[in-house]
Structure formats: C-alpha cells, structure tokens
Amino acid sequence: MYDLQTIVSRNDTAASKVDKSCIKSILNVNCFDDSIPMWVADMDFACAPAILEALHKRVDKAIFGYTSRTADYFDSIIDWYSRRHNMQIDPSWLVFNPGTVIALRNCLRAFTKEGDGVIIQPPVYYPFQAQILETNRTVINNNLIKDDNNHYSIDFEDFEKKCKDPNTKIFIYCNPHNPIGQIWPPADTKRLLDICAKHDVIIFSDEIHCDLIRASATFTSALNIDSTAKLIVATAVTKTFNVAGLQITNLVISDATMREQLNAYTGKIDISPFASAATIAAYNESENWVLAVNEALDANLDYMDTFIKNKLPRLKFVKPEGTYLTWIDFSDYNIENQTLLEKIANEAHLILESGTMFGQSGTGFIRMNIACPKSIVIEALDRLYKVFGE
Ligand SMILES: Cc1ncc(COP(=O)(O)O)c(C=O)c1O
C-alpha cells in the first residue's frame, strides 16, 4: 500500500543528512558522491500521503500567518496516545516547543540554575550532554552497564547515589534508548521514578522513539507508571512520521506549577501552519503508514542480523527493540573509533556515527541508521563486507 522501497532523492532539499560540509564539521569524515548517509536520525522514506496532501492543501490557502493550536490539533495528539499507548492526556498538559532538543534546553533553563547537576545515562543521544554543557549545567553520568552479550542495564545504586546529591536537579531518561535501541521495562522506569521522587529530581523522559518499535516489543510510558515524581514526557510527531524539519514537540506536563514555570521562561511559542497541518494528518490519518514503516524496519533488521552472523562474525550486533538505529560492536577489530569511522567513510563510502560521540562507553561501537529502502541496507552491508570481510 505504501511505497517504502523507492529511493527518494534528497537533492535540493538542503537535508543535513547529505550535506557534505555538515558531515565534515560534525563527523570529520570525507563524503563522496556515491557515499550513503546513514547517520542523522531521520528516515529515507517518503512522508505519509495524508501528510503530503494536508500540506498541499495548506499551501493552497495562500496565507501563512500566525496560527492557533486548534481543538483538532489537541484531539489528534490525545487520541493517538490514548489509542496507541493507553496514555490519558489532558489537553491542558500539552506544552508545544519547536523540537525536543530545544524543549530540553528550555527545561534545563526553566527548572535549574547554572552549576546544577543533570543526570544522563551514556552511551546516549549526544545532544543531551551538549545542552547541559551549553547551558552551564553539570553533566552527571550514570553509565549504563553492558554485559558480554552487549545487553545493557541500569546501575540503580549509582543512580540513587547521584540523585541523593542535593545539587542534582534533573534526570534525562531516554526510552526507547538511542543509540542502544533497548526499551526499558516498566519496572525499571518505576524504580527510577521512585528514586527521583524520593530525592526531588525532575525526570525529563524522552520517549520520542516510542512508535518505532519491533513487532515483538511493547512500550510503557513513564506517564503510565504510578509515581509522585515530577515528570515531563517528551512526545514528537516528527520522529514517528519523519517530519523532523517541521520541528514539532509536545511535552506532557501534568503539574500546573511546572507548566507555568516553563511557560514563564519561554514565553508564548507559536506553531507554524505547516506543523499544525502535518500533526493532525499524521496522528489522525497515517497510522497505517507507521505500521508499514515498522514492518519495513523489521525486515531490514532481520536481513542485517542474518548477514552479520553469516558474513561478518567479528561484528557483534543486537537487534534494537526500538528506534531504527543500530549499534554495532566493532571492538574485535581494535581500531580507534575516529580511525574506524574514517576507514568506513573512505573505504566503504558509508557515513555512520562513532560510538564515542555518545560517550566514552561507546568505544568500539558504530551507529548506523537503517530507516531506508532495503536495497540500501543490502548495499551498505555489502560495502562493509568488502572492507571487513575475511
Ligand atoms: C532520543 C532523541 N531525542 C531527541 C531527538 C531530536 O529531536 P528533535 O528533532 O525534536 O529535537 C532525537 C533525534 O534523533 C533523539 O533520538
């Protein structure tokens, strides 16, 4: 029903993912004309037809003035999270921000002061650390524990120790977790929430990958866990429906005082007419597109799993439960991470991300985004085989 196998050109779209100077400045690797970019976390699939149609219709209105968030807009979000995740959200709890990273930065500034401690769980999405440092807050690492099978778990003892420090004010949770791809079980979330409640630490729960999960996986939002913790849940139509450039994030904050504090910090934030139209069409009319995307991701991951086991056995790869990001362990090759990234860029012509960008505990790993037509995954793995095959 949906064409997720045709390669869609990004030419003349100013997409960061294919921008050679962006690739050079962020990753410091060469990008050739035939390089395949599998780094930035957006998908190479064409947008859902209902979203395209809604945007075309909106363009045809010919006026793009200041835009209100309508009842339709709120209902589309509330219905989606109720239907898909059994989350009961009151419309007054939704706080719009133009992007999740921006929302996080605003929360850091609204709820903490310079020098305050913010916990993250490396290896983790690197803009978290960047926001903490750029706002002059203090990064507190609660490193994930990795076992011999590359399965990660949370170090609760260390977490509680760090929450006990009165300087610690916010914990940034990532569930599903980028880059390791694990979905934290509700019991883990409950334990974290309880520790945060006990030590008065706010949880910023980034759940924006929650719709892109494997057929066998289940996801429970922190919102559905019984707790007295001060909670902010980040939801984003942009990740699920591949419209990141439209910059739409809705925070769910049930605590009115916290909402007021955040709103007082940011002031009024307007939504763009395109963001509004896309959100409504996505949540109301594009559920089947997400199901199709998840099927395509499952197929790509199955292919990759078999390929690596059969042809690249020195790599270790655990299929992610959530996200479309794969976390591949190259440590058996014992190559320093940036050298490895450059080798892959120069010899395989693949643009990937170094594990160390996500923290020192990412040493030996490479992150590869497989949200693309299967032919691209096949080509990318063939290229890796040419460089790393025995
Ligand atoms: C966990 C996580 N949070 C936030 C973001 C960025 O979201 P936004 O584009 O809404 O800032 C990403 C993008 O990859 C992500 O993986």
Side-chain angles (χ1 to χ4, degrees), residues 41 80-89 100 119-125 128 140-163 170-199 201-236 239-240 252 254 290 294 297-298 301-302 305 316-327 329 358-359 361-362 365 367:
W80 177 270
Y81 284 96
S82 166
R83 193 166 75 240
R84 301 276 311 164
H85 299 291
N86 194 27
M87 291 158 70
Q88 306 314 321
I89 300 170
T100 313
I119 300 180
I120 54 173
Q121 296 182 312
V124 74
Y125 180 58
F128 289 173
I140 312 284
N141 285 320
N142 169 233
N143 287 302
L144 297 175
I145 302 169
K146 179 170 73 68
D147 71 15
D148 292 343
N149 297 318
N150 286 354
H151 184 270
Y152 290 83
S153 55
I154 292 169
D155 185 343
F156 287 100
E157 220 171 283
D158 179 69
F159 183 76
E160 176 139 31
K161 201 171 95 200
K162 286 170 175 165
C163 282
I170 295 194
F171 160 47
I172 308 172
Y173 191 36
C174 193
N175 190 23
H177 191 104
N178 170 7
I180 65 164
Q182 281 181 219
I183 299 177
W184 300 115
D188 282 11
T189 306
K190 164 86 178 142
R191 218 168 142 187
L192 293 168
L193 282 162
D194 286 348
I195 294 170
C196 285
K198 188 163 148 202
H199 301 290
V201 171
I202 295 172
I203 288 206
F204 183 99
S205 184
D206 179 333
E207 304 182 355
I208 74 171
H209 288 272
C210 69
D211 291 306
L212 299 168
I213 66 175
R214 304 296 80 75
S216 54
T218 55
F219 167 79
T220 304
S221 168
L223 196 75
N224 281 2
I225 307 282
D226 190 25
S227 152
T228 55
K230 289 180 180 159
L231 176 65
I232 300 164
V233 173
T235 73
K239 196 57 71 184
T240 307
V252 182
S254 63
V290 179
N294 275 323
L297 297 177
D298 283 347
L301 289 167
D302 286 346
D305 194 32
K316 274 207 236 161
F317 167 63
V318 180
K319 258 202 266 179
E321 299 169 296
T323 81
Y324 43 72
L325 305 163
T326 60
W327 187 233
D329 184 352
F358 301 85
S361 50
F365 284 81
R367 194 188 81 166

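Basis for what follows: all heavy atoms, side chains included, without hydrogens, waters or symmetry-related copies.
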Practice prompt. Mark yes or no for whether N224, through its side chain, and H85, through its backbone, hold a donor-acceptor pair below 3.5 Å.
Written response: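 At least one qualifying donor-acceptor pair exists.
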
Worksheet item: So K319 and D302, salt bridge (charged side-chain N to carboxylate O under 4.0 Å, His left out) or not? Walk me through it.
Response: CA-CA 8 Å; K319 258 202 266 179; D302 286 346; 2.5 Å; yes

So, taking the atom named [atom1] in [X] and the one named [atom2] in [Y], what distance separates them when rounded to the nearest 0.5 Å?
{"X": "N175", "Y": "S205", "atom1": "CG", "atom2": "OG", "result": "6.0 Å"}
{"X": "N142", "Y": "D158", "atom1": "CG", "atom2": "CG", "result": "5.0 Å"}
{"X": "I170", "Y": "I232", "atom1": "CD1", "atom2": "CD1", "result": "6.0 Å"}
{"X": "F358", "Y": "I180", "atom1": "CZ", "atom2": "CD1", "result": "12.0 Å"}
{"X": "S361", "Y": "Q121", "atom1": "OG", "atom2": "CD", "result": "11.0 Å"}
{"X": "I183", "Y": "H209", "atom1": "CD1", "atom2": "NE2", "result": "11.5 Å"}

Worksheet item: For K239 and Y324, what are the C-alpha separation, side-chain angles and deciding distance, and is it a side-chain contact (heavy atoms from CB on, under 4.5 Å)?
Response: CA-CA 10 Å; K239 196 57 71 184; Y324 43 72; 3.5 Å; yes

Taking the side chain as everything from C-beta on, heavy atoms only, tell me whether [X] gets closer than 4.5 Å to [Y].
{"X": "V318", "Y": "H151", "value": "no"}
{"X": "I172", "Y": "Y125", "value": "no"}
{"X": "T240", "Y": "R84", "value": "no"}
{"X": "L301", "Y": "T326", "value": "yes"}
{"X": "P123", "Y": "W327", "value": "yes"}
{"X": "I140", "Y": "I120", "value": "no"}
{"X": "P186", "Y": "I225", "value": "yes"}
{"X": "S153", "Y": "D147", "value": "no"}

Nearest atoms (heavy-atom pairs only) where [X] meets [Y]:
{"X": "L325", "Y": "A41", "value": "CD2-CB, 4.1 Å"}
{"X": "C174", "Y": "F128", "value": "CB-CE1, 4.0 Å"}
{"X": "E160", "Y": "K198", "value": "OE2-NZ, 2.9 Å"}
{"X": "I213", "Y": "P176", "value": "CG2-CG, 4.2 Å"}

Item to complete: Look at the aromatic rings of W184 and H177 and report parallel, tilted or perpendicular, splitting at 30° and 60°.
Response: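 The arrangement is perpendicular - the two ring planes meet at more than 60°.
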
Worksheet entry | Step-by-step side-chain contact (heavy atoms from CB on, under 4.5 Å) determination, N178 to V124 | CA-CA 6 Å; N178 170 7; V124 74; over 6 Å; no

Below 3.5 Å, can you tabulate the donor-acceptor pairs from side chains in residues 214-221 to any protein atom, sequence neighbours excluded?
unit_1 : atom_1 : unit_2 : atom_2 : d
R214   : NE     : D298   : OD1    : 3.0
R214   : NH1    : P320   : O      : 2.9
R214   : NH1    : T323   : O      : 3.1
R214   : NH2    : T323   : O      : 3.1
S221   : OG     : E207   : OE1    : 2.8
S221   : OG     : E207   : OE2    : 3.4
S221   : OG     : L223   : N      : 2.9

Discussion item. For D226, I'd like to know if atom CG has over 12 heavy atoms of other residues, nucleotides or ligands within 6.0 Å.
Written reply: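 No, not enclosed.
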
Practice prompt. Show the numbers, then the answer: is there a salt bridge (charged side-chain N to carboxylate O under 4.0 Å, His left out) between K190 and D194?
Written response: CA-CA 6 Å; K190 164 86 178 142; D194 286 348; 3.2 Å; yes

Practice prompt. Tell me, please, which residues at least two apart from F159 pass ring pair (Phe, Tyr, Trp, His ring centres under 6.0 Å).
Written response: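 F159: ring pair (Phe, Tyr, Trp, His ring centres under 6.0 Å) contacts with F171.
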
Practice prompt. Would you please test W80 and T235 for side-chain contact (heavy atoms from CB on, under 4.5 Å) and show each step?
Written response: CA-CA 11 Å; W80 177 270; T235 73; over 6 Å; no

